[in-house]
> 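There's a structure below that I have some questions on.
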Amino acid sequence: GMLGYQVVAHTDRLRSLVVLGGPTDLKHEVQWRPAMERVYKARMPGYDTDPDAAMRHRSAVYWPEKLHKKTPILILHGAKDKRVSLHSAELMADKLSETKHPHELRVQPNGSHTLIEMHAELNVMVLDWIQQYL
């Protein structure tokens, strides 16, 4: 999800984006799930020297105006996700609304991080979204 936002910030060639359980505010995420700091240190360039700058650089909530408005975004998130907080999805939806970026947030009340509990329904949702923009 995080990479999807980065792609949409750098190209207008995508007709739509679907983000499933994607973190959008890494600073909040590391506070919510401290074990992620180990992952950030191992995989995020610059984290050791300036963690705030490294997290902001990868956190789409800090640069929603950079996202190309030609790319509508469907945000899917499980309310019972234990890997990425629901706050990330809700905050990103708010930021997209503020910038008038076309998007939709769908929170699945009993959904986990991967929404595996609703696999068939999820496939239909994603295909319907993508077909709107092809």
> Would the distance check show the side chain of T11 and the main-chain N or O of R13 forming a donor-acceptor pair, the cut-off being under 3.5 Å?
yes

> Would you please test M36 and L26 for side-chain contact (heavy atoms from CB on, under 4.5 Å) and show each step?
CA-CA 9 Å; M36 287 305 293; L26 298 183; over 6 Å; no

> Apply the test side-chain contact (heavy atoms from CB on, under 4.5 Å) to residues Y5 and H10: give CA-CA distance (whole Å), side-chain angles for both, the deciding distance (0.1 Å), then the verdict.
CA-CA 9 Å; Y5 289 118; H10 290 93; over 6 Å; no

> How long is the straight-line distance from CE of M92 back to OG of S59, given to the nearest 0.5 Å?
10.0 Å

> Okay, side chain of R58, backbone of M2: is any donor-acceptor separation there less than 3.5 Å?
no

> Within the distance-only criterion (no hydrogens, no angle test), does the side chain of W63 pair as donor or acceptor with the backbone N or O of R56 below 3.5 angstrom?
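Yes, because the side chain of W63 sits within donor-acceptor range (under 3.5 Å) of the backbone of R56.
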
> How close do A9 and H68 get, counting heavy atoms only, and between which atoms?
O-NE2, 3.9 Å

> Under a plain distance cut-off of 3.5 Å, with no hydrogens placed, do S16 and Q132 share a side-chain donor-acceptor pair?
no

> Specify the closest pair of heavy atoms between P109 and A79, including all atoms of both residues, with the distance to one decimal.
O-CB, 3.4 Å

> Test side-chain contact (heavy atoms from CB on, under 4.5 Å) on D128 and V126 and set out the steps.
CA-CA 5 Å; D128 285 349; V126 170; over 6 Å; no

> Can you find a heavy atom in the side chain of S112 that is under 4.5 Å from one in the side chain of E117?
yes

> Any heavy-atom pair between the side chains of Q6 and L67 that's under 4.5 Å?
no

> Quick check: closest heavy atoms across T114 and L122, and the distance to 0.1 Å?
O-CD2, 4.1 Å

> Run the side-chain donor-acceptor check on residues 69-78: report pairs under 3.5 Å with partners two or more places apart or on a different chain.
residue: K69; atom: NZ; partner: T99; partner atom: O; Å: 3.1
residue: T71; atom: OG1; partner: L14; partner atom: O; Å: 2.9
residue: H77; atom: NE2; partner: D81; partner atom: OD2; Å: 3.4
residue: H77; atom: NE2; partner: V84; partner atom: O; Å: 3.0
residue: H77; atom: NE2; partner: S85; partner atom: O; Å: 3.4

> With hydrophobic residues grouped by side-chain heavy-atom distances under 4.5 Å, do V8 and I130 end up in a single group?
no

> According to a hydrophobic-cluster definition based on side-chain heavy atoms being under 4.5 Å apart (Ile, Leu, Val, Met, Phe, Trp, Tyr only), do V18 and L134 belong together?
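Yes, V18 and L134 fall within the same hydrophobic cluster.
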
> Under 4.0 Å between a Lys/Arg side-chain N and an Asp/Glu carboxylate O for K41 and D48?
no

> Relative to Y133, does R15 satisfy both conditions: NZ or CZ under 6.0 angstrom from the six-membered ring centre, and within 45 degrees of the ring's axis?
no

> With salt bridge (charged side-chain N to carboxylate O under 4.0 Å, His left out) as the criterion, how do K27 and E29 come out once you've worked through the C-alpha distance, each side chain's angles and the decisive distance to 0.1 Å?
CA-CA 5 Å; K27 191 169 185 175; E29 292 301 318; over 6 Å; no

> Using every non-hydrogen atom in the two residues, find where S88 and P23 come nearest and quote the distance to one decimal.
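Scanning both residues completely, I find the closest heavy atoms to be OG-CA, 3.8 Å.
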
> Answer with yes or no whether the hydrophobic clustering places V61 together with V107; edges join I, L, V, M, F, W, Y residues whose side-chain heavy atoms lie under 4.5 Å apart.
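Result: yes, single cluster for both.
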
> When the ring planes of H28 and H87 are compared, do they come out parallel, tilted or perpendicular, using 30° and 60° as the limits?
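Geometry flag for H87 against H28: tilted rings.
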
> Looking at every non-hydrogen atom in both residues, tell me the closest pair between D25 and Y62 and how far apart they are.
OD1-OH, 3.6 Å

> Is there a donor-acceptor pair closer than 3.5 Å between any side-chain N or O of T49 and the backbone N or O of G46?
yes

> Closest heavy-atom contact between V19 and G1?
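Where V19 meets G1 most closely, the heavy atoms are CG1-CA, 3.6 Å.
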
> Would M44 and M55 count as a side-chain contact (heavy atoms from CB on, under 4.5 Å) here? Give the steps.
CA-CA 8 Å; M44 196 180 299; M55 288 186 284; 4.3 Å; yes

> Can you find a heavy atom in the side chain of M125 that is under 4.5 Å from one in the side chain of Q108?
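They are in side-chain contact.
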
> How many angstroms lie between atom CG of D52 and atom OH of Y47, to the nearest 0.5 angstrom?
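It comes to 8.0 Å.
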
